[in-house]
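Have a look at the structure below before the remarks.
Sequential numbering from 1 along the given sequence is applied to the chain's residues. The analysis underlying the following values was restricted to heavy atoms, covering all of them including side chains, and did not include hydrogens, waters or symmetry mates.
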Amino acid sequence: TRDGGVMTLSELIESVKRETLKKLNPNIIGQERDEISDIIAVSSLKYADLLPNRTTDYIFDPIKFSDMNGKTGVYLLYSTIRIRALLNKAKEKNIKIGPINTIVNEYDRKVALTLLQNPIILEKSFNNKTLNEIAEYIYKLTNCYNNLYSSNRILTEENSDIQSSWLGLSENVLKTNEQLLNIMGIKIPNKI
């Protein structure tokens, strides 16, 4: 901005909104599409701004930070909505959710261990008066969970103890994501 090229916040939000509109489900139409794209655009900006340490400069790229893959607000929102949908399907099918009493592979183990770090991250963030630790942690947790999700068939798992443990982990990740997104001031839409 030393050369005088300052973008207004509304221009920045609009540029991100144009990118997020491209990524929305085409079945979302009308006013709902507009409202969801607003939520996602603001969420992308907030997450991108909170991710680096506050003393670090960065270049904001609307295309990069509105991507559904990678360390972005859109990725976190999409993953959180998907976990919520998984748990709703489990409830509709009367599948037991939790307790977490069976760890069977590296994926569920990593999710469980990462969940245990949450209080430490919250305390560190509070003490350092910064949210970038939370932004990093929620990405790490969500990424670990997505590895579990993509490597296992949670809803069709035949062993009910394993299935209920995976669903218990899913529920804990959902609650943690909702808590941390709320702390960062990021609203979760119902769908993307």
Side-chain angles (χ1 to χ4, degrees), residues 16 19-20 23 39-87 90 97-154 157 162 165-189 192:
V16 175
E19 291 302 318
T20 59
K23 294 164 177 66
I39 292 170
I40 294 170
V42 171
S43 298
S44 296
L45 285 168
K46 284 182 179 180
Y47 186 74
D49 195 43
L50 294 172
L51 187 59
N53 187 293
R54 66 180 179 257
T55 61
T56 306
D57 290 336
Y58 67 95
I59 296 173
F60 187 83
D61 179 351
I63 296 170
K64 178 182 173 188
F65 287 114
S66 62
D67 195 350
M68 289 184 108
N69 297 306
K71 205 180 277 191
T72 67
V74 180
Y75 172 77
L76 297 174
L77 293 175
Y78 175 77
S79 298
T80 302
I81 292 166
R82 187 173 64 182
I83 298 167
R84 189 182 291 156
L86 173 80
L87 291 167
I97 299 174
I100 305 164
N101 57 11
T102 305
I103 302 293
V104 294
N105 59 41
E106 65 185 275
Y107 303 109
D108 55 3
R109 180 180 184 279
K110 193 162 186 178
V111 171
L113 291 173
T114 305
L115 278 167
L116 293 172
Q117 295 172 7
N118 187 37
I120 297 164
I121 297 300
L122 289 172
E123 183 176 355
K124 184 177 177 186
S125 178
F126 177 79
N127 290 336
N128 293 336
K129 295 174 182 55
T130 182
L131 294 173
N132 74 298
E133 286 100 348
I134 291 174
E136 285 285 348
Y137 171 75
I138 192 173
Y139 172 75
K140 179 181 175 184
L141 175 62
T142 302
N143 199 44
C144 288
Y145 178 81
N146 283 336
N147 289 334
L148 168 68
Y149 180 87
S150 63
S151 301
N152 300 281
R153 303 244 178 237
I154 296 173
E157 171 59 45
I162 294 172
S165 282
W166 285 344
L167 289 168
L169 282 171
S170 301
E171 187 173 62
N172 277 277
V173 171
L174 176 63
K175 288 177 182 177
T176 302
N177 277 13
E178 289 172 340
Q179 174 197 36
L180 298 178
L181 289 168
N182 183 52
I183 287 170
M184 291 186 290
I186 295 176
K187 186 177 176 182
I188 307 168
I192 292 183

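A distance-only check finds no donor-acceptor pair linking the side chain of Tyr78 to the backbone of Ile192 [under 3.5 Å]. Counting only distance, with no hydrogens or angles, the side chain of Asp108 and the backbone of Val104 share a donor-acceptor pair below 3.5 Å. Using a distance-only test at 3.5 Å, with no hydrogens or angles considered, a donor-acceptor pair links the side chain of Ser165 to the main chain of Thr102. With Asn172 contributing its side chain and Gly168 its backbone, the two residues share a donor-acceptor pair below 3.5 Å.
For Asn152, the side chain to side chain contact (heavy atoms under 4.5 Å, CB included) test picks out Asn105, Tyr107, Leu148, Trp166, with sequence neighbours left out. For Tyr137, there are no ring-ring contact (aromatic ring centres under 6.0 Å, His included) partners, not counting sequence neighbours.
Closest of all the heavy-atom pairs between Glu171 and Leu87 is CA-CD1, 3.6 Å. The two residues Ile162 and Glu157 come nearest to each other via the heavy atoms CG2-CG, 4.0 Å. The nearest pair of heavy atoms linking Ile121 to Glu133 is CG2-O, 3.7 Å. Here the closest non-hydrogen pair linking Leu51 and Lys71 is CD2-CD, 3.3 Å. The two residues Met184 and Leu131 come nearest to each other via the heavy atoms CA-CD1, 4.4 Å.
Within the model, atoms CG of Asn128 and CD of Glu123 stand 10.0 Å from one another, a figure rounded to the nearest 0.5 Å. Remark: Leu141 CG to Thr114 OG1 distance equals 6.5 Å, nearest 0.5 Å. How far CG of Asn177 is from OH of Tyr145: 10.0 Å, rounded to the nearest 0.5 Å. Expressed to the nearest 0.5 Å, how far CZ of Arg109 lies from SG of Cys144 amounts to 11.5 Å.
Of the N and O atoms on the side chains of Gln179 and Asn118, at least one donor lies less than 3.5 Å from an acceptor on the other residue. Side chain to side chain, Thr130 and Asn132 meet the donor-acceptor criterion of an N or O pair below 3.5 Å.
Side-chain atoms of Asn147 and Lys110, non-hydrogen and from C-beta on, never get closer than 4.5 Å to each other. For the pair Ser43 and Val74, the minimum side-chain heavy-atom distance is 4.5 Å or more. By the 4.5 Å heavy-atom criterion applied to side chains, Phe126 and Leu122 are not counted as neighbours. Contact annotation: the side chain of Ser44 approaches that of Thr20 to within less than 4.5 Å [non-hydrogen atoms, C-beta and beyond]. Side-chain contact between Leu77 and Ile186: present, with at least one pair of heavy atoms (C-beta onward) separated by less than 4.5 Å. Inter-residue side-chain proximity for Ile138 and Tyr47 is flagged as met; some heavy-atom pair is nearer than 4.5 Å.
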Query raised in the report: Taking it one step at a time, do Arg82 and Asn146 satisfy side-chain contact (heavy atoms from CB on, under 4.5 Å)?
Result: CA-CA 10 Å; Arg82 187 173 64 182; Asn146 283 336; 2.5 Å; yes
Query raised in the report: Passes side-chain contact (heavy atoms from CB on, under 4.5 Å), Leu174 versus Glu178? Steps please.
Result: CA-CA 6 Å; Leu174 176 63; Glu178 289 172 340; 3.6 Å; yes
Report task. Evaluate the criterion side-chain contact (heavy atoms from CB on, under 4.5 Å) for residue pair Arg84 and Ile188; output intermediate values, then yes/no. Result -> CA-CA 11 Å; Arg84 189 182 291 156; Ile188 307 168; 3.8 Å; yes
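Residues Tyr75 and Tyr139 bring their aromatic ring centres within 6.0 Å.
Of the candidates Ile83, Val111, Ile97, Val111 is the only one forming a side-chain contact (heavy atoms from CB on, under 4.5 Å) with Leu169.
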